[in-house]
Structures are given as structure tokens and as C-alpha cells.
Amino acid sequence: MEDAYARSVSEVLDFFGVDPTKGLSDSQVVHHSRLYGRNGTPFWKLVLKQFDDLLVKILIVAAIVSFVLALANGETGLTAFLEPFVILLILAANAAVGVITETNAEKALEELRAYQANIATVLRNGCFSILPATELVPGDIVEVTVGCKIPADLRMIEMSSNTFRVDQAILTGESCSVEKDVDCTLTTNAVYQDKKNILFSGTDVVAGRGRAVVIGVGSNTAMGSIHDSMLQTDDEATPLKKKLDEFGSFLAKVIAGICVLVWVVNIGHFSDPSHGGFFKGAIHYFKIAVALAVAAIPEGLPAVVTTCLALGTKKMARLNAIVRSLPSVETLGCTTVICSDKTGTLTTNMMSVSKICVVQSAEHGPMINEFTVSGTTYAPEGTVFDSNGLQLDLPAQSPCLHHLAMCSSLCNDSILQYNPDKDSYEKIGESTEVALRVLAEKVGLPGFDSMPSALNMLSKHERASYCNHYWENQFKKVYVLEFTRDRKMMSVLCSHKQMDVMFSKGAPESIIARCTKILCNGDGSVVPLTAAARAELESRFHSFGDETLRCLALAFKTVPHGQQTISYDNENDLTFIGLVGMLDPPREEVRDAMLACMTAGIRVIVVTGDNKSTAESLCRKIGAFDNLVDFSGMSYTASEFERLPAVQQTLALRRMTLFSRVEPSHKRMLVEALQNQNEVVAMTGDGVNDAPALKKADIGIAMGSGTAVAKSASDMVLADDNFASIVAAVAEGRAIYNNTKQFIRYMISSNIGEVVCIFVAAVLGIPDTLAPVQLLWVNLVTDGLPATAIGFNKQDSDVMKAKPRKVGEAVVTGWLFFRYLVIGVYVGLATVAGFIWWFVYSDGGPKLTYSELMNFETCELRETTYPCSIFEDRHPSTVAMTVLVVVEMFNALNNLSENQSLLVITPRSNLWLVGSIILTMLLHVLILYVHPLAVLFSVTPLSWAEWTAVMYLSFPVIIIDELLKFLSRNTGMRFRFRLRKADLLPKDRRDK
């Protein structure tokens with residue numbers, strides 16, 4: 001029902017056919033559930049997402065081609081399907097890792113959602129019952145009261161209290177709670193703020209009690225509509241994803257070129273008698289071309305990247321950062337701007353009293369005394385200090401502080417309680433009222449010399465409201481005059497023995513205007529409020545405002561004994577007690593985190609809906625404006641920014657530190673503008689209104705205490721809502737990228753070796769050096785395990801001292817590419833050398849001449865001293881494959897560091913790598929010496945002499961790389977040697 005706000009209560013109830021005294025019947029619930037739906041990423045979408053990668057798609061094509069060629073060649077049985085089956089098995093394993101990790105992240109989010117209110121008090125069949133919010137249907141009658149989270153979109157039908165107020169900041173961004181009523185709204189084109197009779201799903205009741213009828217559930221709520229519009233935002237590819245996609249397209253072109261070249265070079269051999277015809281010869285050389293493609297593609301790369309990022313998510317979870325999208329782990333490493341919400345992220349989101357102002361004496365004109373209060377959370381832990389900074393041992397012995405504590409406890413509708421599950425103190429009701437309850441606990445009780453130490457002996461549950469309960473037991477509440485906007489104050493009539501007192505609190509201008517007397521803190525006397533004292537108090541009130549403190553005044557009045565009610569007329573002739581200034585304080589660890597960001601070259605922009613002066617005050621406290629007197633050019637309100645010409649907006653974005661008075665649309669606009677300047681943007685948020693900006697940002701970071709919609713839009717969720725956790729996650733992201741870069745280089749150099757091996761063999765005209773299934777084994781097991789272990793290289797101590805890497809920065813460029821090309825060429829030549837060695841020099845081989853080896857295809861057409869079946873022997877390819885495996889194990893050790901010698905950074909620095917090398921060699925030995933596996937992979941056991949030759953051919957890769965590292969360290973060649981046209985991982989279109 002879209003216009004429920006404009007209909008009367010009876011019209012809405014008639015629309016749903018519900019009796020407000022009985023609620024829906026069971027049959028109506030079933031009917032409405034079918035008609036409107038219930039209040040609640042398909043798994044298959046999560047699986048398909050894992051295959052959305054260019055390298056993976058190339059592998060799928062390779063598998064299909066391999067399968068078609070096997071059928072065209074007349075192959076049947078296991079050999080025809082082995083290669084495509086192994087490729088698809090790899091891809092399935094890669095997808096499984098991705099799905100499991102992202103599913104685990106969703107489970108962690110479900111645990112966080114358990115902290116949200118998810119039940120409702122529902123009237124059905126004439127009885128009230130408590131049901132899960134997901135079981136609500138339109139037409140249900142729901143009872144809501146202070147402390148409730150609204151379970152669906154509701155239309156108010158009855159109020160059981162004088163006022164009913166809701167905090168709907170998560171939806172509208174309004175900083176203050178709003179009053180609700182049952183009257184219909186006549187405003188045309190009403191926005192959320194105009195719908196005074198609608199309670200929106202996910203918002204909180206802060207005062208009052210009432211009943212309402214459900215008018216929308218699930219996606220048919222205000223929250224649901226924002227969620228749906230947010231899903232229309234396209235996902236941005238992460239920097240590493242872009243690099244791997246570019247690498248995939250680059251590789252596809254190179255593979256196609258090499259395959260065509262090998263095929264064309266051998267056209268003259270298509271008709272060789274050994275192939276049995278031109279067509280079969282063409283297929284034979286096409287299979288060699290496919291083998292080249294398999295060699296060139298690092299099949300294990302997607303799986304290794306996924307595994308490394310998955311390991312990163314576990315590390316981040318320990319840092320209170322729950323990663324929902326694996327690639328976002330890497331994106332964190334190149335974040336250049338963090339747009340951080342102020343409330344709850346940089347601050348505690350716990351209003352607390354920080355200053356108190358009282359009149360000390362009025363004998364020789366008003367003498368004002370100020371106290372400061374420590375403590376920045378709802379925990380009843382803190383100290384009161386006088387104007388000289390000295391701690392008050394017994395604050396409650398000061399008359400004004402004593403009466404402030406009484407008034408704060410009694411003129412209050414909130415609840416302060418301890419939650420043992422979260423080990424934290426929580427509020428029910430208005431933040432300002434809870435801040436007053438905490439103040440009463442910090443002031444303590446009068447007449448007890450052991451007060452502070454005695455309170456500390458209580459359990460946390462008892463301590464939460466011990467002093468408040470004391471005053472509530474001493475004074476009986478008789479009557480309450482609730483807060484109204486026109487009076488801007490609240491009063492409560494209390495009875496204590498033979499004395500009745502009215503306590504009042506409210507806006508300072510309202511309270512001071514109604515006061516005629518002052519309570520003096522010096523001696524506890526009550527004296528008339530003079531014009532001079534009134535002016536001085538108003539001056540202090542305005543100074544609190546300049547310090548961006550939210551200010552309340554407290555007062556009392558003695559009334560005739562036995563009076564049972566009070567009216568607005570009684571709210572005059574009050575006695576002024578004092579002023580309290582409160583604020584949402586910054587988190588203690590934020591200043592250090594801000595400094596770490598500056599050192600790491602990351603700019604922080606504080607984004608808030610608060611007014612400019614309040615936000616600037618916070619920025620000063622957290623160090624965002626350190627060493628600055630003039631904030632011009634660094635602090636803008638949304639309206640100020642929008643009025644700037646386009647050129648000046650571009651310049652302003654480069655210096656901006658604070659963006660205040662923003663609406664949800666401004667956040668998304670800010671993200672887009674920064675991304676247009678090639679910034680990598682992380683955006684934090686917790687409300688439904690933040691969801692579109694979170695979705696648009698490169699890294700959307702939701703708060704653990706935030707809404708489910710914000711979490712579903714994000715890439716990462718902060719379990720502790722702490723800005724410092726973002727900085728720790730960025731450091732981890734940079735370390736993960738560094739390790740990712742190392743194993744990508746390792747795998748690429750290995751694949752260069754395989755391509756060289758096959759290409760050289762084809763050019764020389766010798767038999768096939770390696771079978772496709774052998775190449776797959778090497779690429780997966782031999783490359784995969786050490787590459788994954790390289791991901792365990794330790795984080796550098798100075799990882800947060802370097803500037804963020806550029807998004808277009810290639811993983812391998814210039815001199816480094818030349819180095820890995822040299823290594824790759826050696827790997828390929830060593831593999832071919834092992835193959836030739838067995839035929840020409842091995843005592844176990846036929847000891848052919850080199851020309852006989854090159855002319856192996858004409859063996860059956862001429863007389864030979866050896867059987868032609870020698871070219872089908874599995875020994876030479878086994879030697880070649882083993883050389884390839886062992887040389888790559890040595891190459892893995894080379895990748896412990898980019899430029900440091902193995903004598904400096906020894907294998908002991910990464911025992912996971914050592915373990916993976918041992919495991920890889922054991923697996924290789926297994927396929928050589930276990931007969932069924934040996935048949936499957938076309939290999940055979942090797943003799944001691946053959947193993948010795950393998951070691952001689954493999955070890956030199958260490959010496960070659962040590963020499964190249966020495967040149968890198970000492971001659972600066974890595975800076976002078978550059979490849980201009982095509983790096984291994986191309987830059988983002990060469991930065992255009």
C-alpha cells in the first residue's frame with residue numbers, strides 16, 4: 001500500500017481487512033503471505049562468478065579444443081578425455097576455493113546480523129506473540145515501544161503515550177529523532193521526512209509506545225527500495241583483476257601468434273608418411289600448437305591468486321575486517337583515498353558529557369566554575385576534574401554536582417545496561433539522556449567516603465546503573481511532563497519523604513528563561529538569579545556551542561507536598577543547577593591511524609552530515625588539520641562544493657580533507673569525482689542511505705553495527721566499527737599484493753620456460769619433448785604449490801611507509817622482464833637439453849647422432865641400427881619433465897626476494913616454501929614410481945645416473961639468478977633497461 005500515509009487509520013485497516021483488536025487470523029496470514037510476500041546471492045550466481053575471468057575462459061576453450069582434436073584423431077577411452085578433464089578439474093577446484101571463502105564471509109556477516117533486533121510483538125487471533133520479523137505479512141498489527149527496532153514498514157494506528165519519537169537517521173540522515181503521530185499526511189509528493197505516521201523498517205523507537213499495522217515487507221519497504229536501486233550499480237573491476245584480464249588478452253594474442261607460427265613452419269611436414277596423410281599431419285601439428293597453448297597459460301594462476309587472497313581474508317578477519325569479496329583484499333593495497341564517515345567510525349558514536357558549568361558563588365557578582373569529565377563511552381568509568389585540572393575524589397559532595405546527578409537520573413526515560421555477549425554497555429533511548437545517566441554514575445553518591453572504590457567492586461551488570469537506581473529508589477516518580485518542541489524541555493515530579501520536587505532539563509535558553517534562583521556550588525545556598533548572572537550563563541552556553549558541544553541546562557523546584565500532577569504553568573520560578581556540555585568523542589586510536597595514513601601516502605576525507613564547525617572541531621582533535629590555522633580549500637560543505645565551477649571543483653578535490661552537510665547523493669558524487677581523477681577510493685558507511693556510495697566505491701566498507709543493506713553493498717565489513725582497523729587492513733592488503741606479485745613472476749618465468757621448450761623442440765624437428773598432460777601436471781602441482789607458499793612471505797616492516805602503488809603499474813616491467821625472460825629461456829633450454837641428452841649421451845639410451853634424432857620421422861623409411869620404437873620410449877620425456885620440475889623448484893627459492901641473495905634471505909625465512917618444495921618432489925616421485933600413475937602421465941622410473949644429469953642441468957638456474965640479482969643491486973640496470981612496447985603485464989592502455 002503505497003499511499004498509506006495519506007489514508008486515515010480506518011481506511012488502512014479496511015484495505016487489509018484487519019480488526020485492530022484481534023489482528024490477522026491464520027487464514028489471512030497465509031493469504032497475505034501469498035499476495036504480498038514475506039519479509040526476507042543465489043548459490044548458482046556465486047559459482048558462475050568464479051568463472052568470470054579471461055584466463056579461466058581461455059582454459060575452457062583449450063579444454064574444448066583438446067577434446068575435439070582427440071575425437072577428430074579417433075582417440076577413445078581415458079586418453080581422449082584426460083587433458084580436458086584435468087583442465088576442468090582445476091577450474092572446479094579454483095571455483096570451490098572462491099565459493100567457500102565468500103560463503104564463509106557471508107556466514108560471518110550472518111553472525112553480525114544476529115546483533116540486530118529481528119523479532120516483533122504481533123497481534124494475531126486476538127493474542128499477542130513474539131515472532132521472527134521475517135514472518136510478518138502486510139496487515140499484521142504490531143506493538144512497538146521504546147528500544148524496539150522497527151521490523152517492517154508500519155502505519156501508526158494508536159499511541160499509548162503522550163509522544164512517540166523514532167530515530168530514522170539510517171534512512172534519512174536526520175541527526176535528531178522525529179515525532180510520529182496517527183494523523184494522515186496531506187503533503188503532495190511527500191518524502192520520507194514528511195511521512196509523520198509511517199515507521200520505517202530498521203529504524204529505532206527512542207520514546208513512547210504504540211501500535212501500528214504492517215504496510216510493507218522485504219523489498220517493498222523504504223529500505224528495500226534503496227537496496228534494489230543500489231543493485232543497479234555496476235561492479236568495478238579491481239586493479240589486479242584488470243591486470244590479469246589485460247595479461248589474459250595479451251597472452252591470448254601471443255599464444256595465437258606462436259601457435260600459428262609453429263603450425264605454418266611445419267606445413268612442409270604435414271605429408272610425412274609417419275603421420276599417415278596430410279590431414280592427420282595437420283592435426284598432429286595442431287596438437288603441438290595446443291600443447292604450446294597449454295604451456296603458455298599458467299593454469300594454476302587463478303587458483304593460486306584465489307588461494308592467496310583467501311589466506312589474506314583469514315588474516316584480515318583477525319584484524320576485525322570481514323572480507324566479502326576476495327579481489328577487494330588486493331584493491332586495499334593501492335587505496336589512495338579513504339572517505340570516512342565521522343559518526344561511529346572516527347568517533348565512538350556514544351554521546352558523553354565532557355564539561356559541566358555551575359555557579360560557584362554570587363556574593364560579589366557571579367563566579368562561574370567549570371568541571372571537565374573524562375570517559376568517552378557509555379561505560380560508567382571516568383573522573384571529574386576541577387578548573388585547575390585537579391581530580392575530585394568525591395564529586396557528589398559538591399552541592400551542584402550532587403543535584404546534577406539527581407536530576408540526570410530522575411528526569412530521564414533512557415536505560416543504560418551491560419551486554420555480556422558483547423562485553424559492552426548499551427543504551428535504550430536517546431543518546432543525550434544516556435549520557436546524563438553515565439554522568440550520574442561518574443559523580444557517584446554522597447555520604448560515602450569509600451564511594452569510588454566501592455563502586456568498582458560491583459559486577460559490570462550491577463555497576464551499569466547503580467547510582468541511578470539509588471536515586472530512583474530515594475525519589476518516587478509521580479508525574480511526567482514529556483518533552484515538546486515548543487517548550488524544548490521535560491519535567492518530572494518526584495516525591496521524597498515529606499518533600500515533593502520537580503526536576504527539569506532542556507535547552508539552555510528555555511530553562512534559564514524560566515529560572516529565578518541559582519544553586520551555589522560553594523555553600524549550597526539558593527540565591528536570586530541576577531541579570532549579570534543570567535548574562536554570564538548565556539555567555540558560557542554560547543562558548544560551549546563554539547566548542548561544538550551539545551548543551552543542556554538542568555534545574556529544580558520545590559512544590560507543595562501532596563501534589564499529584566504538574567502542568568506547563570508549574571514550569572517557572574525554577575532554581576538553576578548547571579549546564580552540561582556533551583559530544584560524540586573521537587576514538588582514542590584514530591589519531592595514530594590518521595598519522596599512519598599520512599605516512600603511507602593515503603589521504604583521508606572526513607564525510608559527515610554534521611554542520612561544518614562541529615566537523616572541523618573533530619578534525620582538529622584527530623589530527624586531520626594538524627599545523628593548520630586556515631582551513632580554506634580543505635573544508636567544504638556540500639552546497640559550497642556544488643557552487644564551485646567545474647575547474648575549481650577538480651582542484652578542491654585534490655586538497656579536500658572535510659566534506660560536511662552531505663546527503664547520500666553527495667557521497668556517491670564524491671566517489672565518482674575522485675575516481676575520475678584516477679584515485680582508488682575506499683568509502684565507509686553504516687546506513688541504508690550509504691549503500692549506493694558503498695557499491696560505487698573501489699572498496700565499500702560497512703560497519704559491523706550498520707544495516708544489513710549497507711553490509712550487502714560493501715566489499716568489507718568492520719566488525720569493530722573502528723577506523724584503525726581499516727588502516728591495519730590496508731597494510732595487510734599491501735603485503736598480500738607484494739606476495740601475489742612474487743608468485744605471478746615465478747609462474748610466468750616457469751611458463752616462459754615451457755613455451756621455449758616446446759618451440760625449440762618444434763624448430764629443431766626433434767620428437768615431442770613433453771606431452772600436454774605432463775605440462776598440465778607441471779603447471780598445476782609443480783608450479784601451484786610453491787607459488788601458493790610464496791604467498792606466505794612475511795610482511796615487510798616498512799610496508800606502510802611507501803606511497804600507494806599506481807593502479808596502472810605493471811606487475812613485471814623492463815629489466816625485471818628481461819631477468820625472467822633469461823631465466824625462462826634457461827628453463828626451456830635445460831628441459832630440451834635433458835631430452836636430447838638421453839638420446840645422444842645417456843648410457844641407458846640409444847646414443848644416436850644428432851642428425852638421426854632430427855630425422856626421427858623418416859626412421860621407418862630407411863635402414864637403422866636401432867628400432868624405430870625407441871622414439872616412443874618414455875625415458876627421454878621423463879628426464880625432460882623431471883628437469884623442468886627440479887629447475888622450477890630452484891627457481892621458487894630464487895623468488896624468496898626480488899633482489900636479495902639467497903645467502904641473505906635464506907630458505908628458513910619461509911618454511912612453508914621449503915615444505916611445498918619437499919611435498920612437490922614427493923608427488924613427482926610418486927607419479928614416476930607408482931605404475932598406474934606412471935602410465936597415466938606417460939612417465940617411467942629414472943636411474944641414479946639420470947637423476948644426476950637432472951641435477952647438473954637444474955642447479956645453474958640459481959647461479960644465473962644470483963648474477964642477475966647482483967647486477968640489479970649494484971649497477972642500477974633495472975632502472976635503465978626498459979621495454980617500451982609490451983611489458984609482460986601491460987599497463988592500463990599504457991596509461992592512455
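Every value quoted in this text rests on a predicted model; they were computed, and no experiment measured them.
One finds the CG atom of Asn895 at 10.0 Å from the CG atom of Leu902 (value rounded to the nearest 0.5 Å). Between the OG atom in Ser842 and the NZ atom in Lys847 there is a gap of 7.5 Å [rounded to 0.5 Å]. Going from atom CG of Leu884 over to atom CE of Met889 covers 9.0 Å, rounded to the nearest 0.5 Å. Here Ser938 contributes atom OG and Met881 contributes atom CE; the two are 9.5 Å apart, rounded to the nearest 0.5 Å. Between atom CG of residue Leu963 and atom CG of residue Leu967 there is a gap of 5.0 Å, rounded to the nearest 0.5 Å.
In plain terms, the two heavy atoms of Pro907 and Leu896 that are nearest each other are CA-CD1, 3.6 Å. Considering every non-hydrogen atom in both Glu888 and Ser750, the closest pair reads OE2-CB, 3.2 Å. Looking at every heavy atom in both residues, Tyr929 comes nearest to Leu942 through OH-O, 3.1 Å. Residue Lys965 comes nearest to Gln900 through the heavy atom pair NZ-O, 3.1 Å, listed as atom of the first residue, atom of the second, then distance. The two residues Trp947 and Thr882 come nearest to each other via the heavy atoms CZ3-CG2, 3.5 Å. When all heavy atoms of Thr769 and Cys757 are compared, the pair lying nearest together is CG2-SG, 3.7 Å.
When side chains are defined from C-beta on, Val822 does not count as touching Tyr826, because their heavy atoms never get closer than 4.5 Å. Taking the side chain as every heavy atom from C-beta outward, Leu821 and Ile752 approach each other to under 4.5 Å. Val778 has its side chain out of reach of Leu770: every pair of non-hydrogen atoms, C-beta onward, lies at least 4.5 Å apart.
For Val763, the side-chain contact (heavy atoms from CB on, under 4.5 Å) criterion is met by Phe759, not counting sequence neighbours. Not counting sequence neighbours, the partners of Thr849 by the side-chain hydrogen bond (donor to acceptor under 3.5 Å, both in side chains) test are Ser851, Glu852. For Phe955, the ring pair (Phe, Tyr, Trp, His ring centres under 6.0 Å) criterion is met by Phe890, not counting sequence neighbours. Take Thr878 and apply the side-chain hydrogen bond (donor to acceptor under 3.5 Å, both in side chains) test, not counting sequence neighbours, and it matches no residue. The side-chain contact (heavy atoms from CB on, under 4.5 Å) search around Ser877 returns Gln774, not counting sequence neighbours. Residues meeting the side-chain contact (heavy atoms from CB on, under 4.5 Å) test with Val760, sequence neighbours left out: Val756, Leu764, Leu829, Val832. Contacts of Val930 classified as side-chain contact (heavy atoms from CB on, under 4.5 Å), with partners at least two apart in sequence or in another chain: Leu926, Pro932, Leu933.
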Which donor-acceptor pairs under 3.5 Å do the side chains of residues 909-917 make with protein atoms, sequence neighbours left out?
residue, atom, partner, partner atom, Å
Ser909, OG, Thr906, O, 2.9
Asn910, OD1, Trp912, N, 3.2
Asn910, OD1, Leu913, N, 3.2
Asn910, ND2, Ala789, O, 3.0
Asn910, ND2, Asn793, OD1, 2.6
Ser916, OG, Leu913, O, 2.7

Distance-only criterion, 3.5 Å: show the donor-acceptor pairs between side-chain atoms of residues 833-841 and protein atoms not counting sequence neighbours.
residue, atom, partner, partner atom, Å
Trp838, NE1, Glu946, OE2, 3.1

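Environment of OH in Tyr866: crowded, with over 12 heavy atoms of neighbouring residues, nucleotides or ligands closer than 6.0 Å.
Applying the disulfide (SG to SG under 2.5 Å) test to residues at least two apart or on different chains, the pairs with a partner in residues 861-947 are Cys859-Cys868. Sorted by first and then second residue, the salt bridge (charged side-chain N to carboxylate O under 4.0 Å, His left out) pairs with a member in residues 60-70 form an empty list; sequence neighbours excluded. For residues 953-963, the side-chain hydrogen bond (donor to acceptor under 3.5 Å, both in side chains) pairs, not counting sequence neighbours, are Ser901-Glu962.
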Could you walk me through whether Glu754 and Thr831 pass side-chain contact (heavy atoms from CB on, under 4.5 Å), step by step? CA-CA 8 Å; Glu754 293 165 20; Thr831 305; over 6 Å; no

What verdict does the side-chain contact (heavy atoms from CB on, under 4.5 Å) test give for Val935 and Arg874, after you've listed the backbone C-alpha separation in whole Å, the side-chain angles of each residue and the deciding distance to 0.1 Å? CA-CA 10 Å; Val935 172; Arg874 288 181 294 173; 4.2 Å; yes

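In summary, of the residues considered (Ile823, Asn751, Asn894, Asn891), a side chain to side chain contact (heavy atoms under 4.5 Å, CB included) with Tyr746 occurs for Asn891 alone.
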